[in-house]
Amino acid sequence: MHADVHHLLHTARATELRDEAAAFRLPRASLRSRVGWTLVEVGLRLTQSRDTAATAATRAGAFRTA
């Protein structure tokens, strides 16, 4: 097989593979925004849990069962 023919076949196959891969690609902007909002939600939950944990610790000492 001549190098020119091999190069043409390789170029055609590479183009087909790129087109197939583009069909399965996730949109970056929506994925990035979903991850960002998830991190914001986790951060808000962490700040709320610290306040709640401090309050619960003072109440837990008053209710001893043993």
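Values below: all heavy atoms of this structure, side chains included; hydrogens, waters and symmetry mates excluded.
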Those residues at least two apart in sequence (or on a different chain) that pass side-chain hydrogen bond (donor to acceptor under 3.5 Å, both in side chains) with Arg13 are Glu16

Taking only residues two or more places apart in sequence or in another chain, which ones pass salt bridge (Lys or Arg N to Asp or Glu O under 4.0 Å) with Glu41?
Arg45

Exactly one of Val5, Thr11, Leu9 clears side-chain contact (heavy atoms from CB on, under 4.5 Å) with His7, and that residue is Thr11

Hydrophobic cluster of Val40, others only, ordered by chain and residue number, side-chain cut-off 4.5 Å
Trp37, Leu44

For Leu8, all residues meeting side-chain contact (heavy atoms from CB on, under 4.5 Å), sequence neighbours excluded
none

Please work out whether the ring planes of His10 and His6 are parallel, tilted or perpendicular, with thresholds of 30° and 60°.
parallel

